[in-house]
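Structure record follows, encoded as structure tokens.
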Amino acid sequence: MESKLEKKEFNITVYTENQVGLLSRIAIIFSRRKLNIESLNTSPSEVESIHRFNIVINETEEVVRKVARQLEKQVEVLKVYYNTNEDVIWQELALYKVPTEIIAEHVSVERLLREYGARAVVIRKDYTVFETTGHREETDALVVVLQQYGLIEFVRSARVAIIKASDGFHTKLKQFENREPGEPAAENEYLNNGDKVFTM
Amino acid sequence: MQQKDALLMSSEEETATTVEQLKGSEILLNGLIAEGVDTIFGYPGGAIMPIYDALYDYQDQLKHILVRHEQGATHAAQGYARTSGKVGVVFATSGPGATNLITGLADAQIDSTPMVCITGQVFAHLLGTDAFQETDVINITTPVTKWNYQVTDASEIAEVLAKAFHIAKTGRPGPVLIDITKNAQLQLAAYKGYQKCDHIRSYRPTPIIRNNYIEQAAALINDAKRPFVLFGQGVLLGNAEQEFKAFVEKTGIPAAWTILGAGAIPTDHPLNVGMLGMHGNYGPNVLTNECDVLIAIGMRFDDRVTGRLDKYAKQAKVIHLDIDPAEIDKNVKAHVPVWGDCKETLPLLTVLVKENKHEEWLAKFNNYSKEEFAQCIDAEINPQSGELTMGEVINQLNQLTNGDAVIVTDVGQHQMVACRYAKFNHTRSNITSGGLGTMGFALPAAIGAKFGAPNKTVVAVIGDGGFQMTLQELGTIMQSGIDVKIMILNNQFLGMVRQWQELFHDRRYSFVDITSPDFVALAKSYYIDGKKISERTELKDALKTMLDHKGSYLLEVMVTKENNVFPMVPQGCSVSEIRLK
């Protein structure tokens, strides 16, 4: 078993109500512990009216678990999961703006773009915008290459991640809406996995 | 333009003529009455004027106590909540009125005190424009509230207020703030009666109890040779004093308290072995590191309780009963987590545990207690010569009140002495600022405590430093005519900081020498009687005079200047390294 004290990337998925001010309530739980958020994405979820935050931090599991519980305790947070990179399918999107005249002159650029799976989003006389989607290493690698060809602007989106083992939130939400919830939704994964978390 | 906006009907207005139309401010007050509120601590100002205007017509149902500073309103509401078990309610205006609430909100947040604060806010159309007395109250208060919400339309008020009360008092209680823009207070909206809230889908105040953990806990307790119970305010907040007593008495386990847990069982109960932590009792600290099963009930292992964590109860199996899942494993690893309201979990546990008596183990506590008495307590509470000590004042007070008074303390040496030596026969009698350590807490909190427990004697024990932080609340006492006994223990120093400077900073007394006004004359200027004493021979009579006095009274007791509170677990040390001198 890997050490809980080793820092690594964790993907925190937070299901919430859609409410003004919640972003700041969530963000301060990290900043209070001086944790740097590597990436933060908010979006709708599979369930209408329920929002989903994807937050990436580089920390030990012990700290991540404590943060997850403090997040889950916020009134408008329904559920929090944390997963390692192996537990999720994740993607980030990147945009690259380069001078059209330079790339037009260099055949190798086209080859490079093919190699990195980039697509042209806009082609104008003065500049062209390419897009790639993938893991951090992939989007970063193209930056290094394009620097040589006069990269004007680069931007990368926050990470979005799907949890491999998740059944989604539809049934869970129904349980939450009940006044007397059944065990599956009622609680913490930690309790369900008591043997793994609490060792006698 | 403003006037017109204000008079515009709510967007969700129903056209049906049968539905009653009320102003937002009236909806708010009706809601408060429906929630059973009878006392509000507050201070008016521009942005909350419509609510105060409506309050004018509700004076027979809602008692409003005009404080002298909004911080005082929060502490008074806390004192009220702690003695009465109800939700404390505060009104304040926007801008500085709201920012003055921060200390009280932070205090209530860390000490889990149920409170609902209503702040006025500038008109909705002025939000974000740096309008007069505009401040971003929601963002400022987010870290120090359990929940907060800004209302910009009168139609939201009833529902939001109902949510606020539900959130403030259920689960682990805490402070909630509602910020209401002035237009929403003035606006008319349909009012179909007030509906209390008992369910919010994203909010699960009490976890489902898992029997397997109860069974595991019971098995550990039944096999334990040296079990030890630590209890905190969770027992009081859960109204679980009887359930707690039944559990402790059946199992015969010695039990020690955090300062907010004091009074959950009477001080003189044979299984009550004393106070935990930095200035707690000798036995409970040392024996934490000798017990085999540690049963923590409604407490959160604050660093002032645990001392150095990596040397804290490492030999013990830890059972942690708490309503807040985020507390389990936060500071001390639990072997058995018993999530839930201890009012429900304790009886389940009591059924499964065997009747027992841990006489030998309990005797160990008593032996440490004798040693502590001989080495530090005796000299503190029974000095025969020299200047008065804080301990003897509290001890004398116990004899006169019999342990039936509500003791409200400020923060510092006098607080530790009062918590150590005051006798509590009843629950909800020890009102103090625990987690935040807010100097200036006691005077306003005592006002609220008295409103929350009008039939009790309320004694505020305050240092000369802390008293000067919120002494303007003497004006509130004067105007409301409330009966609060104020006892200033004056050592002419910021004593606790001075103690640390003496012990850890080579006696470099950096800015702890504090001078005071003539407190008795000050009280007189507020038409409050008082007396100052410095002699042992005067003590008993002076305390008696204070307690027998009709109405508020201020007694200033000059105590020895450079006394230290012992025992003490120095910062960074293990609880078993507690020093007796």
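Just so we're on the same page: letters track the sequence lines, and every chain starts at 1.
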Item to check | Over 12 non-hydrogen atoms of neighbours within 6.0 angstrom of CD in Glu101(A) | outcome: no

Item to check | Structural part of Ile138(B) lying under 4.5 Å from a heavy atom of chain A | outcome: neither

Item to check | Any Arg69(A) side-chain heavy atom under 4.5 Å of Asp329(B) side chain | outcome: yes

Checklist entry - Has Arg33(A) got more than 12 heavy atoms of other residues, nucleotides or ligands less than 6.0 Å from its CZ? => result yes

Next on the checklist: Taking Glu17(A) first and then Arg201(B), would you say they form a salt bridge - that is, a charged N and a carboxylate O separated by under 4.0 Å?
Outcome noted: yes

Checklist entry - Val75(A) versus chain B, heavy atoms under 4.5 Å apart: side chain, backbone, both or neither? => result both

Item to check | Thr145(B) side chain near Arg25(A) side chain, heavy-atom distance below 4.5 Å | outcome: yes

Next on the checklist: Between Ile29(A) and chain B, with a heavy-atom cut-off of 4.5 Å, which part of the residue counts as in contact: side chain, backbone, both or neither?
Outcome noted: neither

Next on the checklist: Taking CD in Glu137(A) as the centre, count heavy atoms belonging to other residues, nucleotides or ligands within less than 6.0 Å. Is the count above 12?
Outcome noted: yes

Next on the checklist: Looking at every non-hydrogen atom in both residues, tell me the closest pair between His199(B) and Glu177(A) and how far apart they are.
Outcome noted: NE2-O, 3.4 Å

Checklist entry - Is the number of heavy atoms from other residues, nucleotides or ligands within 6.0 Å of NZ (Lys125(A)) greater than 12? => result no

Checklist entry - How about Ile162(A): does its CD1 atom have over 12 heavy atoms from other parts shown lying under 6.0 Å from it? => result no

Next on the checklist: Counting neighbours of CD on Gln19(A) that are heavy atoms of other residues, nucleotides or ligands and sit closer than 6.0 Å, is the number greater than 12?
Outcome noted: yes

Item to check | Option that, when pairs with chain A are counted at under 4.5 Å, heavy atom only, ranks first among Asn148(B), Ile200(B), Val318(B) | outcome: Asn148(B)

Checklist outcome for this item: Ranked by heavy-atom pairs below 4.5 Å to chain A, first place among Asn139(B), Asp198(B), Thr142(B) goes to Thr142(B)

Item to check | Shortest non-hydrogen contact between Arg204(B) and Gln175(A), atoms and distance | outcome: NH2-O, 3.7 Å

